[in-house]
Protein chains: 2
Amino acid sequence: MDIRQLRYFIAVAEEANIGRAATRLHMSQPPLTRQIQQLEEELDTQLFVRTPRGMELTQAGTLFLAEARNIRALIEQATERTQRAGQGRLGRLDVAIFGSAILDRIPKLILNFRNEYPDVNVVLHTMTKAEQIAALRQNRITVGFNRMLAPLPDIRSEVIATEALLLAVNLNDPLAAQPALPFDALARRPVILFPSGARPNFVDKVLALCEARGFTPEVAQEVGDAVTGVALVASGFGVCMVPESATTLQYPGVVYLPFEDAPADARVDLSCIYRADDHSPILTTFLASVRKSAALQDEAMRSA
Amino acid sequence: MDIRQLRYFIAVAEEANIGRAATRLHMSQPPLTRQIQQLEEELDTQLFVRTPRGMELTQAGTLFLAEARNIRALIEQATERTQRAGQGRLGRLDVAIFGSAILDRIPKLILNFRNEYPDVNVVLHTMTKAEQIAALRQNRITVGFNRMLAPLPDIRSEVIATEALLLAVNLNDPLAAQPALPFDALARRPVILFPSGARPNFVDKVLALCEARGFTPEVAQEVGDAVTGVALVASGFGVCMVPESATTLQYPGVVYLPFEDAPADARVDLSCIYRADDHSPILTTFLASVRKSAALQDEAMRSA
DNA sequence: CTCACCTAATACCTTCGCGGTATGATGAAC
DNA sequence: GTTCATCATACCGCGAAGGTATTAGGTGAG
C-alpha cells in the first residue's frame, strides 16, 4: 500500500466517480482506475461496487475510508510536528541554572523563551558550575547559565549580560546613609564572600578588584550563595558584594548601594554554556531568543 | 512521503546504521541512503546526524520515529479491519424479525451467528412482513425473517426450516387428555387464528388445511400473534394452531398436542428474505451461518 | 427499439524513479 | 600511516506509474 493510493481512494470515495476524482487529482482516469484496482487486490477486498452511474462504497470500503482519513491526518500531523521540532519550536530543553541566578535576569530570559515557543518543554535543573559542565558532557542538559567561566575546548560559553556590582549594607551601618560609596568602603568593614565551590568564581572577582586597589579585605565569612550572604548582612556580620540582579531580593534591614566611582571592571558577567558540537535547532532558537531578550533587558536597564 | 520510506526510516532508526538496516530490509545500502535523504529533504528537517559510527537520531528524528510507528500500526490495523469487513466478519447487520419468531428458532440462529462472528454488530428490528419488504427496498435492513412469502422479483427468499403444526388446547378440555389428536378436532372447537395483517399468512395456511379436509372451522377470534393466541386458549376461548417453536411458550393451563395422522402438509415454513441484488459479504456469511445452524436444529429435532 | 451518452475498463506507450553494482570520501582505531 | 568501518555519490537497467486512444456496458430519450 501507498500513501498515494490512500489519497486516490479518498478522492474516488468522496466523488463517487473515478472521472471526477481523476480531474480533482490532476490526472487522467485510466491510471486512477488501475490504482484503485491494485488497492482492492492488495487488500483482497472489494471497496467499491461499480454502477453505471459511478462508484459506490461497500461496507468494507466505508470502513476503509474512515481509516484512510485517519491515516492521512496522522501523517499530516507527523510531518508538521517533525518540522516544528526541526526548527526548534517543539521538543524538550533541559536548562541548568545556579543558585542566585534564580534572581531576576535568568527567569525573565526563560520566561520570554517559553512565551515565544510555547511547545518547547523547558525543564530547569539547579546545578553548580562543575555539575553543569559534567551534565553537558553527558547530554543531561542542553544549556547552562553561570558566571566567570574558564574557556574549555568542548564547551562553548557566551556572555549574555554583565551586571554592575553593588554593596549590600546593614541599615544600621553609617555607610547606609550615603547615596553611593567609595570602593574602599570594602576595606573598612568585614566582608562576606560567596559562592563556595569550584574556583574561579565570584569570590576571586571581588578579591581581585580589592587587590587592584591595593588592599585585602577582612573576610567575615564565606557562604554558599547570595541569599545567605544577604541574610548575614541583615544580621550585621558585615558587608557583601552582590551583582545588580540580586537587588530583587528585598531583605529587611539591608540596602544595596552603588559605588560612586563605578569602576568599569567592577562588573560581573553572566554567561550561558553549551556543547561546542551541539548544533540542534532547539539550542539555536534558545540562544537566539536569549540574546535578543538579554539585549532588551540591557537597554531597559540603561534607560532606567 | 511514502509508506515504504516510513518502513525504511524505522529500520534505520532502530539499527542506527544504514548498512545493517539495508540488510534487514533485503536491499543494498545506497538506495536506502537516498531514500532517507529524500525523506529528510521532503520534511525539510534533519532526522539523523551522521557519525563515523552510524546514524544517530536528532530530537526531530526521535519524534518522527514515534509518529512513524504510530502510522505503521494504524495502517496495519486498517488493512486488517478492512479485510475482515470484506469477509463479512466485521460490520453491522440489520435484521428484521416478526412477533412470534422471537420464540425459539430465530433467536438461536442469531445467537449462533453472533458467537461465530463476534465483531458483527447485529441490530434487531421487529417488523411485519410488509414492513420488512419495504425496509429491504430502502436498505434499512439487510435480511428479514418471515413465513409464507409470495415470490417477488427483487427480493429473494429462502426456506430456512419447516415446522410441524401443533394444537394448543386448554388443560380442562377433554381433548387434552389424549396424547395426539385427529386433525378434525379443529372442526369440533372454536378456533383462534393469527396473525392479523398482510395476507397470505399463517391464517390462510390453517384455513386451507381445514378446507382440504372438507370443513370450515368456527373462528372464535383473530389475534395479532401467537402469544396472544395461546393466552386466549388458556382463558378457554378455544383451540389454536401454532408452529412447533411456539411450544417454548409455557403457559399455565395450556398443552400443545401433535396430530396423530401428522399430515405432510401440516407444516409451515420459516424463511429469510434479502435483496436479490445484495451480494455483500456480511449477508453471505450470515446466510451461510443460518443455513448451517438451521440444519443442525432440524437434526436435533428429528432425533428428539 | 435504437441511438447517444454516460460510466468504468483495457491496450499500449513513454518516462521517471527505485534498486542494483561499483566507487569515493571521511573519520576512528590500531 | 594504514586499515577498517561508516555514509555518500555515480551510473545503469527495469518496473511501474501516468498518459492517450479505445473498448465495453448500462441508462435514458426519442
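Numbers restart at 1 for each chain; the letters A, B, ... are given by sequence-line order, proteins then strands.
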By the 4.0 Å heavy-atom rule, please label R4(B) as base, sugar-phosphate, or nothing.
sugar-phosphate
Reckon Y8(A) touches a base, only the sugar-phosphate, or nothing at all at heavy-atom distances under 4.0 Å?
sugar-phosphate
It should be established whether [X] places a side-chain nitrogen or oxygen under 4.0 Å from OP1 or OP2 of nucleotide [N].
X	N	result
R53(A)	dG26(D)	no
R50(A)	dA9(C)	yes
T33(A)	dA8(C)	no
S28(B)	dG20(C)	yes
Q35(A)	dG18(D)	yes

If you pin P31(A) and P52(A) to their nearest nucleotides in DNA chain C, which one's is more 5'?
P52(A)
Using only heavy-atom distances, determine whether the side chains of [X] and [Y] contain a donor-acceptor pair under 3.5 Å.
X	Y	result
T33(A)	Q29(A)	yes
E40(A)	Q46(A)	no
Q297(B)	S293(B)	no

Can you check the [X] [atom1] to [N] [atom2] distance for me, whole Å?
X	N	atom1	atom2	result
R34(B)	dC16(C)	CZ	C1'	11 Å
Q37(B)	dA10(D)	CD	C1'	13 Å
R20(B)	dA5(D)	CZ	P	12 Å

Does a side-chain N-to-carboxylate-O contact under 4.0 Å join E56(A) and R50(A)?
no
Hey, is D277(B) close enough to R156(B) for a salt bridge, meaning N to O under 4.0 Å?
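Salt bridge flag = no for R156(B) with D277(B).
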DNA chain D: Q38(A) or P30(A), which has the more 5' nearest nucleotide?
Q38(A)
Smallest separation among heavy atoms of Q59(B) and G91(A), with atom names:
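So the two residues come closest at OE1-CA, 4.0 Å.
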Over the length of the helix from dC1(C)-dG30(D) to dC30(C)-dG1(D), how much do the five-pair end axes diverge, rounded to 10 degrees?
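End-to-end axis angle for the helix from dC1(C)-dG30(D) to dC30(C)-dG1(D): 20°, rounded to 10°.
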So F9(A) and F48(A), would you call those rings parallel, tilted or perpendicular, with 30° and 60° as cut-offs?
tilted
Any donor-acceptor N/O pair under 3.5 Å between dA8(D) base and Q29(B) side chain
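For Q29(B), whose side chain was compared with the base of dA8(D), there is a donor-acceptor pair (under 3.5 Å).
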